[in-house]
Amino acid sequence: MAVVSISIGGSIMSPHDADPAFIRDLAALLLRKAKKHRLVLVVGGGTPARRYIELCRLFGADESFLDEVGIRATRMNASVLLSAVRGMAYPRVADDLDEAVNASHRFPIVVMGGTHPGHTTDAVTVFMGERLHADRIVITTNVPGVYTADPKKDPDARLLERLTPEKLVEIVGSMPHEAGSKGVIDPLGAKLVARSRIVTYVLDGRDLRSLDSAIEGKRFRGSVISP
Ligand code: UTP
């Protein structure tokens, strides 16, 4: 049995329109894996988070208020995933790390969203990895792994199949630190990966075969971050 802390990117759960058929397949995979492993699923905010953050920003809301708006969106998405895996899961969206740790000792699946302003659900995923002494951390997003630069903007960007946490910090370090900002992993999350020394996998969450292998600690299509 392995303990795996998994970030389910908002871009996977709620791209433009949430896809119930995909969520059903994702949930079926997670339920299968939870027969053997203990999983914490940290769900991102996706398009709804960004939409509401931008609307509030338009009216002058401050950044930490916008972070709270984002956190609410992550919890709405977490509620959807929890509904789909409820047969084996702690029956509520955990509000904070302590609640999730306690629940994880009693249920094979715990679902949560964001916790506090100032970071994203990537950081929460790494915190949970630390708290549970996880065997691995899996970060799912909508690109196939960590690139040398943003592949949506730079045609020369290269996928890195292996990298050190220090290299990850270097790559994401220049990203803006504001509510709703996009990037493969947020800068604090990257620093926490380096601190935790837990092997971390980054992959496209729509590729369920790779997600299955990553949870098992087997070869998958994506990036392996290890010291
Ligand atoms: P996400 O974790 O979805 O961030 O939180 P993201 O990187 O923008 O999106 P994906 O999931 O990788 O596509 C959305 C927003 O909610 C706030 C932040 O403003 C974040 O950008 N948030 C989230 C927090 O402030 N704290 C949290 O613990 C989580």
Side-chain angles (χ1 to χ4, degrees), residues 5-19 22-23 26 40-58 61-82 93-101 110-131 137-147 150-152 168 171-193 200-207 211 222-223 225:
S5 184
I6 306 174
S7 162
I8 304 289
S11 52
I12 301 301
M13 275 301 290
S14 270
H16 290 292
D17 274 318
D19 174 0
F22 171 76
I23 294 170
L26 171 66
V40 173
L41 311 174
V42 187
V43 184
T47 304
R50 263 176 222 115
R51 189 172 297 143
Y52 280 94
I53 286 171
E54 286 319 317
L55 269 172
C56 296
R57 186 178 272 133
L58 210 61
D62 59 80
E63 287 299 312
S64 50
F65 183 90
L66 297 177
D67 282 338
E68 297 283 4
V69 171
I71 292 170
R72 287 192 194 102
T74 66
R75 290 180 177 158
M76 291 301 287
N77 279 338
S79 306
V80 176
L81 189 59
L82 174 58
V93 173
D95 281 334
D96 57 39
L97 303 180
D98 282 340
E99 183 184 355
V101 170
V110 175
V111 184
M112 67 192 302
T115 55
H116 300 91
H119 51 72
T120 74
T121 45
D122 296 333
V124 176
T125 309
V126 188
F127 281 137
M128 283 309 300
E130 284 190 329
R131 292 292 296 271
I137 291 166
V138 176
I139 299 200
T140 69
T141 176
N142 62 355
V143 290
V146 180
Y147 282 75
D150 184 345
K152 287 176 186 138
L168 178 73
I171 291 172
V172 303
S174 55
M175 270 170 46
H177 194 113
E178 58 182 22
S181 70
K182 262 168 119 58
V184 68
I185 175 164
D186 84 82
L188 177 65
K191 282 190 188 144
L192 293 169
V193 167
T200 299
Y201 300 157
V202 180
L203 59 112
D204 188 331
R206 295 164 297 189
D207 176 357
L211 178 57
S223 304
I225 303 159

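Atoms within each ligand, like the ligands themselves, are counted from 1 in listed order. FYI, the numbering just counts along the sequence from 1. No experiment lies behind these values; they were computed from the predicted model shown.
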J.: Could you measure the distance from the OG atom of Ser7 to the CE atom of Met128? Nearest 0.5 Å is fine.
T.: 13.0 Å
J.: Return the CD1 to CG distance between Ile12 and Asn77, rounded to the nearest 0.5 Å.
T.: 11.5 Å
J.: Would you mind running through ligand 1 and noting each atom that sits below 4.0 Å from a heavy atom of Gly114?
T.: 27 (C), 28 (O), 29 (C)
J.: Can you check which of Asp122, Thr121, Val42, Thr140 brings a heavy atom nearest to atom 2 (O) of ligand 1?
T.: Thr121
J.: Can you tell me how far the OG1 atom of Thr115 sits from the CG atom of Asp67, to the nearest 0.5 Å?
T.: 10.5 Å
J.: Which option out of Ala49, Ser14, Ala73 puts a heavy atom nearest to atom 14 (C) of ligand 1?
T.: Ala49
J.: Quick one: which ligand 1 atoms are inside 4.0 Å of a heavy atom on Gly9?
T.: 11 (O)
J.: Closest by any non-hydrogen atom to atom 9 (O) of ligand 1: pick that one out of Arg50, Met13, Arg75.
T.: Arg50
J.: Which of the atoms in ligand 1, numbered in the order shown and given with their element, are less than 4.0 Å from a heavy-atom of Pro117?
T.: 25 (O)
J.: Below 4.0 angstrom from a heavy atom of Val124, which ligand 1 atoms are there? Numbered from 1 as shown, please.
T.: 28 (O)
J.: Look up atom CG in Asp122 and atom CG in Asp186, then write down how far apart they are to the nearest 0.5 Å.
T.: 5.0 Å
J.: Going by the order shown, which atoms of ligand 1 are within less than 4.0 Å of some heavy atom of Gly118?
T.: 25 (O)
J.: Considering the heavy atoms of Gly10, write down every atom of ligand 1 situated less than 4.0 Å from one of them.
T.: 10 (P), 11 (O), 13 (O)
J.: How about Leu168 and Val202: do any of their side-chain heavy atoms sit closer than 4.5 Å?
T.: no
J.: Evaluate Glu68 for polar contact with ligand 1, using N/O atom pairs at a separation under 3.5 Å.
T.: no
J.: With sequence neighbours excluded, tell me which residues meet side-chain hydrogen bond (donor to acceptor under 3.5 Å, both in side chains) with Glu68.
T.: none
J.: With a 3.5 Å distance limit and no angle check, can you tell me whether Thr141 reaches the backbone of Asp204 through a side-chain donor-acceptor pair?
T.: no
J.: Taking the side chain as every heavy atom from C-beta outward, state whether Leu26 and Leu81 have any pair of such atoms under 4.5 Å apart.
T.: yes
J.: For ligand 1, which is the ligand I care about here, please tell me if Thr115 has any N or O atom under 3.5 Å from one of the ligand's N or O atoms.
T.: yes
J.: Relative to the heavy atoms of Gly44, which atoms of ligand 1 are at a distance of less than 4.0 Å?
T.: 3 (O), 11 (O)
J.: Number the atoms of ligand 1 from 1 as they appear, then name those within less than 4.0 Å of a heavy atom of His116, with their elements.
T.: 24 (C), 25 (O), 26 (N), 27 (C), 28 (O)
